[in-house]
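Following: one structure in structure tokens, then a few remarks.
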Amino acid sequence: MCNFYTVIFPLNTIANPCLRAVAEKALQGERLSAADGQALYGCEDLALLSSLATCRRRQMNGDKVFYNRNFHIEPTNICVNHCLFCSYRRQAGEAGSWEYSIDDIRKICRSYVGQPVTEVHIVGGVHPARDIYFYASLLDAVKQLLPQATIKAFTAVEIDYMAQKAGWTYEKSLRLLKENGLEAMPGGGAEIFDETIRRRICPGKTGAHTWLCIHETAHRMGIRTNATMLFGHIETPAHRIDHLLRLRELQDKTGGFDAFIPLKYKSPHNRPGIAGEVSTAEVLHNFAVCRLMLDNIPHLKAYWPMLGKDVMQRALHFGADDIDGTIDDSTKIYSMAGADEQRPTLTAGELENHITAAGYTAVERNTFYDEL
Ligand code: V47
Ligand code: SF4
């Protein structure tokens with residue numbers, strides 16, 4: 001039992017017996033069921049959720065909060081898919097579209113030579129004219145210039161397209177990418193696994209089964225990955241729980257997920273009519289439930305370019321133990337969706353200050369959460 005919790009919030013003050021039972025289970029480190037998840041999503045007591053999630057994160061990560069020194073490369077925003085929530089994609093030739101050549105990518109990397117960057121995060125649209133050999137050359141170009149940095153690249157959606165185009169298995173496709181420098185994969189493209197919701201918000205996109213299969217294949221090949229959940233659009237708590245349980249089940253099998261990142265749906269500049277945006281209270285509530293349900297994914301990331309620095313800091317009191325990295329104004333996914341952070345950049349010192357101001361110990365990590 002977590003002493004911090006019993007001091008701050010004695011269990012017998014929880015009036016709802018069902019919630020009290022869930023709290024007891026959570027504090028004893030017992031696995032929570034779908035019904036427990038429903039009870040947590042139905043709980044309106046944010047202070048209780050914060051205490052429970054904080055106990056859990058302390059059991060898993062002590063008082064550490066991780067960050068890294070990273071930058072992103074977004075090779076293109078031209079995409080064959082038409083996700084309704086996406087403010088980033090463009091048609092080829094449309095104003096605001098871009099497609100970097102390998103030389104453009106080399107130029108970006110050259111500007112980081114000699115800097116203490118430990119991770120290059122590469123993710124973009126699914127470009128109809130690019131194949132797996134282009135992406136293998138891209139990885140090789142990055143690795144040649146920045147051999148000390150770990151390359152975390154390509155969502156399962158991008159890998160699916162490369163494999164289909166080549167007529168290869170996921171394993172063969174990932175092998176070529178790994179041989180050219182791919183060491184880890186980001187968690188994008190997961191959205192919400194439920195197929196009825198998926199058909200409405202991202203019709204035609206890689207399905208849940210394939211997303212999970214690609215991550216499972218990566219894990220078996222020694223490629224560690226992250227996972228995300230896009231929430232706050234038309235999904236219900238039951239859809240979120242289903243998503244979390246499917247990830248938990250795969251993690252039981254492979255242990256290959258390092259971090260989970262809840263991504264709040266941002267409504268500006270994408271197709272109107274999906275929904276408005278959820279409140280900060282709901283974002284924090286969701287962080288706590290994710291921390292409590294995902295008992296086997298070690299890290300929960302509060303991604304500051306999407307949340308903003310203030311909500312990122314508050315998420316540290318709802319189970320988050322990671323805030324991502326320095327970014328260096330290198331990603332447009334969230335700025336194009338109207339995020340407050342229009343040119344996201346923080347120094348390592350500023351990231352550390354945000355962490356210590358929230359009362360935690362800042363720890364610089366590499367992609368695999370080795371402490372540096
Ligand atoms: O899959 C796109 C999301 C994801 C919007 O692994 C949107 O460390 C909200 O996965 N509102 C890509 N979300 C980004 C991603 C990610 C980000 C940070 C860290 C990591 C990691 C992964 O962005 C997409 C989609 O779910 N997204 N548009 C939007 N309007
Ligand atoms: Fe393409 Fe990704 Fe945007 Fe969907 S979210 S349209 S896959 S860039």
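Each ligand, and each atom within it, is numbered from 1 in the order the structure gives. We number each residue from 1, following the sequence as shown. Values in this document were obtained by computation on a predicted structure and should not be read as measured data.
Considering backbone and side-chain N/O of Gly187, one or more are found under 3.5 Å from N/O of ligand 1. For Ala190, no nitrogen or oxygen atom sits less than 3.5 Å from a nitrogen or oxygen atom of ligand 1, counting backbone and side chain alike. Between Glu191 and ligand 1, an N or O atom pair is found at a separation short of 3.5 Å. Residue Lys152 has at least one nitrogen or oxygen atom sitting less than 3.5 Å from a nitrogen or oxygen atom of ligand 1, judged on distance alone. Residue Lys205 places no N or O, backbone or side chain, under 3.5 Å from any N or O of ligand 1. Below 3.5 Å of separation, one finds no N or O of Tyr303 facing any N or O of ligand 1. Between Ile261 and ligand 1, no N or O atom pair is found at a separation short of 3.5 Å. Looking at Asn226 next to ligand 1, an N or O pair under 3.5 Å apart turns up.
Shortest non-hydrogen contact noted between Ile234 and Ile197 is O-CD1, 3.9 Å.
Few gaps surround NZ on Lys143; more than 12 heavy atoms of other groups in view lie less than 6.0 Å from it.
Among the atoms of Cys83, no N, O or S atom falls under 2.8 Å of atom 1 (Fe) of ligand 2.
In this model, no donor atom of one side chain and acceptor atom of the other lie less than 3.5 Å apart for Asn68 and Asp324.
In summary, the atoms of ligand 2 found under 4.0 Å from a heavy atom of Lys205, numbered by their order in the structure, are 4 (Fe), 5 (S), 7 (S).
Relative orientation of the Trp211 and Phe193 rings is tilted, given thresholds of 30° and 60° on the angle between their planes.
Ring pair Tyr67/His354: centre-to-centre distance not below 6.0 Å.
Salt-bridge formation is not detected for the pair Glu171/Arg220: no Lys NZ or Arg NE/NH1/NH2 atom is positioned less than 4.0 Å from an Asp or Glu carboxylate oxygen.
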